[in-house]
Undergrad: 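Next up is a structure, given as structure tokens.
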Amino acid sequence: MDSISSQSSKDKKKTVMHSMLLCCKLYISEARNAEALDSIERAAKRDPETVIVNKFEDRDYNRVCYTLVSYVVHDSTGCPIYSPLQQSVVAMAEAAYEAINLEQHLGTHPRLGVMDDILCHPLARASLDEAAWLAQKVAAEIGNRFQVPVYLYGAANPTGKALDTIRRELGYFRPNNGHHWVGWTQPQVLPEKPNEGPEVVTSARGISMIGARPWIAMYNIPVMSTDVSAARRIALMVSARGGGLPTVQTLGLVHGEDSTEIACMLPEPNQIGADRVQNHVEKLAAQERLDVEQGYFTDIPPQMITERYRKLINADSD
């Protein structure tokens with residue numbers, strides 16, 4: 001009888017773990033220090049119920065993105081009360097703050113903090129409200145425990161404030177050394193009050209953006225030119241802000257010694273997808289007499305993330 005009850009409990013837990021899933025993307029300002037990344041990954045692996053399903057490093061940007069997945073548990077009223085992701089993300093933040101000093105950081109991608117951006121997505125049968133709950137929990141702990149100012153965005157923000165709006169207010173898009181972002185050169189006292197943590201910045205850690213929203217696809221298109229001004233003109237004309245494709249957000253960035261890149265955020269990838277963005281960039285680049293290579297995604301799609309999580313978690317439990 002006990003073995004039957006135990007098996008039933010395991011089956012019930014497995015059903016929860018496979019159906020109510022949340023995903024966190026952690027954008028960390030480091031990709032060149034292997035020792036630092038190793039310590040961050042070891043922190044993530046302390047809890048076997050959290051799985052790193054994808055890792056994307058870019059040494060030129062000096063930026064890494066980890067995609068983590070785990071389940072969420074609810075109380076008897078249906079409110080979320082626990083997810084292993086919270087502990088795992090905070091553990092990774094602790095390791096990152098110990099190993100990375102933003103004052104020594106140099107890269108060609110904008111950033112405002114060591115833990116620059118943490119984005120929570122619902123997967124499978126989970127809802128955006130649950131993703132927002134997780135983002136708020138993580139934000140409160142990072143803000144208070146590590147004394148890092150945290151700005152909430154999307155569904156995690158009480159007013160639904162957008163990420164790009166907050167970033168513009170804080171000067172995120174302005175390089176501080178040619179076409180690079182070096183150290184921390186913003187004021188110590190922030191112009192906008194954060195949602196969590198102090199109003200004064202520690203230059204070694206910077207600030208953190210933490211949000212929740214439906215799936216966003218990140219798609220980068222290489223341009224075979226070192227003319228970053230041309231890349232920025234193309235990026236603006238592709239973006240919704242510049243009168244281009246609806247909802248699309250873009251950046252024109254230096255990438256390596258002989259190329260630039262159009263970094264694209266696709267908030268509605270099922271309506272404005274990578275093919276349409278690629279074609280638009282190619283047409284605009286041709287007008288500038290520039291060659292463009294095929295773009296690439298920096299993450300795997302939601303269905304593949306879910307499948308990879310289930311496969312990895314099943315392999316660990318066998």
Side-chain angles (χ1 to χ4, degrees), residues 21-30 40 44 50-58 61 63-70 72 80 83-86 88-90 92-93 96 109-124 126-143 148-168 170 172-173 194-196 206-220 247-251 263-269 297-302 304-306 309:
L21 301 178
L22 294 174
C23 166
C24 275
K25 290 183 182 179
L26 279 65
Y27 294 90
I28 301 175
S29 299
E30 182 57 70
I40 292 167
T50 297
V51 177
I52 297 177
V53 296
N54 196 59
K55 174 186 176 182
F56 180 80
E57 298 173 75
D58 193 306
Y61 289 156
R63 189 173 175 88
V64 63
C65 176
Y66 292 101
T67 303
L68 279 66
V69 178
S70 195
V72 58
S83 173
L85 279 170
Q86 181 180 344
S88 298
V89 171
V90 171
M92 292 175 77
H109 194 289
R111 80 292 180 277
L112 288 170
V114 168
M115 297 294 293
D116 192 58
D117 183 16
I118 300 172
L119 175 54
C120 301
H121 296 298
L123 293 175
S127 70
L128 187 56
D129 286 344
E130 289 154 346
W133 165 83
L134 176 62
Q136 291 164 356
K137 287 286 187 182
V138 169
E141 195 160 357
I142 287 179
V148 171
V150 176
Y151 291 87
L152 292 169
Y153 66 88
N157 184 290
T159 64
K161 199 169 187 179
L163 175 61
D164 63 323
T165 300
I166 301 171
R167 282 175 164 173
R168 282 194 173 83
L170 297 174
Y172 175 88
F173 298 104
N195 298 95
E196 298 286 354
I207 65 179
S208 186
M209 309 286 179
I210 302 180
R213 57 154 299 126
W215 184 259
I216 289 178
M218 307 300 292
Y219 186 73
N220 294 348
T247 75
V248 173
Q249 298 175 31
T250 58
L251 282 171
C264 306
M265 183 183 292
L266 313 181
E268 304 288 347
F297 290 100
T298 65
D299 206 348
I300 55 178
M304 191 178 296
I305 285 175
T306 302
Y309 165 79

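Quick caveat: nothing in here was measured; it's all calculated off a predicted structure.
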Undergrad: Between Val89 and Leu26, does a side chain to side chain contact (heavy atoms under 4.5 Å, CB included) hold up when you go through it step by step?
TA: CA-CA 8 Å; Val89 171; Leu26 279 65; 4.0 Å; yes
Undergrad: Would you check, one step at a time, whether the test side chain to side chain contact (heavy atoms under 4.5 Å, CB included) holds for Asp299 with Ile305?
TA: CA-CA 9 Å; Asp299 206 348; Ile305 285 175; 4.2 Å; yes
Undergrad: Could you tell me the separation between the CE atom of Met218 and the CG atom of Leu266, rounded to the nearest 0.5 Å?
TA: 8.0 Å
Undergrad: Between Ile210 and Ala139, which heavy-atom pair has the shortest distance, and what is it?
TA: CD1-CA, 3.6 Å
Undergrad: Could you state the interatomic distance from NZ (Lys55) to SG (Cys65), rounded to the nearest 0.5 Å?
TA: 11.5 Å
Undergrad: Can you tell if the side chain of Pro110 reaches within under 4.5 Å of the side chain of Leu251, non-hydrogen atoms only?
TA: yes
Undergrad: Look at the side chain of Asp116 and the backbone N and O of Arg111, then say whether any donor-acceptor pair between them is shorter than 3.5 Å.
TA: no
Undergrad: Taking the side chain as every heavy atom from C-beta outward, state whether Met209 and Leu170 have any atom pair closer than 4.5 Å.
TA: yes
Undergrad: Locate the shortest heavy-atom distance separating Ala131 from Cys120; write the atom from each residue and the value.
TA: O-CB, 3.6 Å
Undergrad: Which atom pair, heavy atoms only, marks the closest approach of Ser83 to Val72?
TA: CB-CA, 4.2 Å
Undergrad: How close do Ala135 and Gly211 get, counting heavy atoms only, and between which atoms?
TA: CB-O, 3.7 Å
Undergrad: Could you point out which residue of Leu68, Val69, Leu85 forms a side chain to side chain contact (heavy atoms under 4.5 Å, CB included) with Leu22?
TA: Leu85
Undergrad: Kindly state each residue pair satisfying side-chain hydrogen bond (donor to acceptor under 3.5 Å, both in side chains) with at least one member in residues 132-143, sequence neighbours excluded.
TA: Gln86-Glu141
Undergrad: Just wondering, do Thr67 and Ile300 contact through their side chains at under 4.5 Å, heavy atoms?
TA: no
Undergrad: What is the distance from atom CZ of Arg63 to atom OG1 of Thr298, rounded to the nearest 0.5 Å?
TA: 9.5 Å
Undergrad: Taking all atoms of both residues into account, what is the closest heavy-atom pair of Cys23 and Trp215, and its distance?
TA: SG-CZ3, 4.3 Å
Undergrad: Any donor-acceptor pair under 3.5 Å linking the side chain of Thr250 with the backbone of Cys264?
TA: no
Undergrad: Could you state the interatomic distance from SG (Cys24) to OH (Tyr66), rounded to the nearest 0.5 Å?
TA: 14.5 Å
Undergrad: Only one of Tyr153, Tyr151, Tyr172 forms a side chain to side chain contact (heavy atoms under 4.5 Å, CB included) with Arg167, so which one is it?
TA: Tyr172
Undergrad: Run the side chain to side chain contact (heavy atoms under 4.5 Å, CB included) check on Ile28 and Met115 step by step: do they pass?
TA: CA-CA 5 Å; Ile28 301 175; Met115 297 294 293; 3.7 Å; yes
Undergrad: Please round to the nearest 0.5 Å and tell me the distance separating atom CD of Glu268 and atom OG1 of Thr247.
TA: 5.5 Å
Undergrad: Write down the atom of Glu30, the atom of Val64, and the distance for their closest heavy-atom approach.
TA: O-CG1, 3.1 Å
Undergrad: Assign the ring pair His109 / Tyr61 to parallel, tilted or perpendicular, where the plane angle (0 to 90°) is split at 30° and 60°.
TA: perpendicular
Undergrad: Can you tell me how far the CG atom of Leu152 sits from the CD1 atom of Ile166, to the nearest 0.5 Å?
TA: 7.5 Å
Undergrad: Contact between Pro158 and Asn195 at the side-chain level, heavy atoms closer than 4.5 Å - yes or no?
TA: yes
